[in-house]
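Below is one structure, written out as structure tokens; the observations come after it.
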Amino acid sequence: MRELILILHIITSVVACILTGVILVRGIGGLYFKFKLKKLDVQLPFYATMLLYLQFVLGTILFVMYMIEFSSGEINVYQNQVVKGRFWAVEHFILMVFTLVISHIGWVFAKSNHTPKLIFKKNFLYFGIACTMIMVSMVMNIIRYAF
């Protein structure tokens, strides 16, 4: 069960990163290359935010499972690795909560604005930050598990 949730969490993370990257590219295109505003430019932020909510739910379940395993003594590793892992889980969780909040704010601005340039600007700002935070989180995971 834990592995399935972890795989779904990884898949939603990768898709959310790609989707926020597309929003970022569209934002840059709208600001600097005069892309025309499409309905997609308002819908993509909604889908990205919903993906991040799904990722949040899956991540919360994984976090709770990890803490239950940690507190029950099922994790048998050296003490310094356990402490490092516990801080990593909290750090990752907090980073992704901020990502979700920033994405949600970006989506609200995208759907409430009526000026194309302002929509592109807000999408570029908020989803650029969200994309960066997702990539930082993914790199943290790769580094943690690769070494």
Side-chain angles (χ1 to χ4, degrees), residues 1-32 35 37-77 80-114 116 118-147:
M1 177 70 165
R2 182 172 184 249
E3 290 79 18
L4 175 65
I5 294 172
L6 180 60
I7 289 169
L8 289 173
H9 184 67
I10 292 168
I11 290 169
T12 57
S13 181
V14 170
V15 172
C17 187
I18 291 169
L19 202 53
T20 56
V22 168
I23 295 168
L24 180 62
V25 168
R26 290 280 312 157
I28 292 169
L31 290 172
Y32 298 109
F35 285 5
L37 183 70
K38 295 182 179 176
K39 193 174 184 181
L40 188 69
D41 294 311
V42 178
Q43 291 175 337
L44 280 181
F46 170 75
Y47 296 130
T49 303
M50 290 305 111
L51 264 176
L52 286 171
Y53 272 108
L54 176 60
Q55 184 181 6
F56 175 73
V57 169
L58 294 171
T60 302
I61 293 168
L62 287 170
F63 183 73
V64 169
M65 288 176 154
Y66 179 79
M67 287 301 145
I68 289 171
E69 287 176 4
F70 176 76
S71 65
S72 67
E74 290 181 30
I75 298 177
N76 296 320
V77 291
N80 63 348
Q81 289 174 329
V82 170
V83 171
K84 209 168 35 172
R86 186 175 56 204
F87 288 133
W88 166 84
V90 172
E91 184 180 288
H92 177 70
F93 186 79
I94 291 170
L95 179 67
M96 293 315 297
V97 167
F98 282 125
T99 304
L100 177 61
V101 168
I102 287 173
S103 172
H104 193 92
I105 292 169
W107 169 61
V108 168
F109 279 131
K111 75 173 186 164
S112 64
N113 285 316
H114 302 291
L118 198 53
I119 291 172
F120 284 128
K121 185 185 275 188
K122 298 295 183 180
N123 279 353
F124 171 72
L125 174 67
Y126 289 104
F127 287 95
I129 293 170
C131 186
T132 303
M133 292 172 81
I134 293 168
M135 285 193 287
V136 165
S137 177
M138 290 170 66
V139 168
M140 282 173 32
N141 287 332
I142 290 168
I143 290 171
R144 180 173 187 269
Y145 288 108
F147 300 106

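Bear in mind that the values here come from a model prediction, so they are computed numbers and not experimental data.
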Hey, what do you get for NE2 (H9) to CG (L54), rounding to the nearest 0.5 Å? 10.0 Å
Please evaluate residues N123 and R26 with respect to the criterion side chain to side chain contact (heavy atoms under 4.5 Å, CB included), reporting the C-alpha separation (whole Å), side-chain torsions for both, the decisive distance (0.1 Å), and the verdict. CA-CA 8 Å; N123 279 353; R26 290 280 312 157; over 6 Å; no
Side chain to side chain donor-acceptor pair (under 3.5 Å) partners for Y47, two or more places apart: none
Determine, stepwise, if the pair F109 / I105 fulfils side chain to side chain contact (heavy atoms under 4.5 Å, CB included). CA-CA 6 Å; F109 279 131; I105 292 169; 3.5 Å; yes
Rounded to the nearest 0.5 Å, how far apart are OG of S13 and CD1 of I18? 10.0 Å
Ignoring hydrogens and geometry, is there a side-chain-to-backbone donor-acceptor pair from S137 to M133 under 3.5 Å? no
Quick check: do K121 and N113 have side-chain heavy atoms less than 4.5 Å from each other? no
Just so I know, are the side chains of H104 and Y53 near enough to count as touching, which here means a heavy-atom distance under 4.5 Å? yes
Short question: side chain of T20, backbone of A16 - any donor-acceptor pair under 3.5 Å? yes
When rounded to the nearest 0.5 angstrom, what distance separates CD1 in I119 from CG in L37? 4.5 Å
What's the spacing between M1 CE and L6 CG if we round to 0.5 Å? 12.5 Å
Between I102 and Y126 the two heavy atoms that sit nearest each other are CG2-O, 3.3 Å
Evaluate the side-chain proximity of I61 to M65: yes if any heavy-atom separation is below 4.5 Å, no if none is. yes
Roughly how far, to the nearest 0.5 Å, is OG of S103 from CZ of F46? 11.0 Å
Nearest atoms (heavy-atom pairs only) where T99 meets A130: CG2-O, 3.8 Å
So if I apply the side-chain contact (heavy atoms from CB on, under 4.5 Å) rule between F127 and each of T49, I134, L19, which one comes out positive? T49
In Å, rounded to the nearest 0.5 Å, how long is the span from CG of L24 to SG of C17? 10.0 Å
Intermediate values then yes/no, side chain to side chain contact (heavy atoms under 4.5 Å, CB included), L118 and K122: CA-CA 6 Å; L118 198 53; K122 298 295 183 180; 4.1 Å; yes
So do F93 and V97 actually touch side chain to side chain, heavy atoms under 4.5 Å? yes
Would you check if I10 and M138 make a side-chain contact, meaning some heavy-atom pair closer than 4.5 Å? no
Can you give me the closest heavy-atom contact between L51 and V15, atom names plus distance? CD1-CG1, 3.3 Å
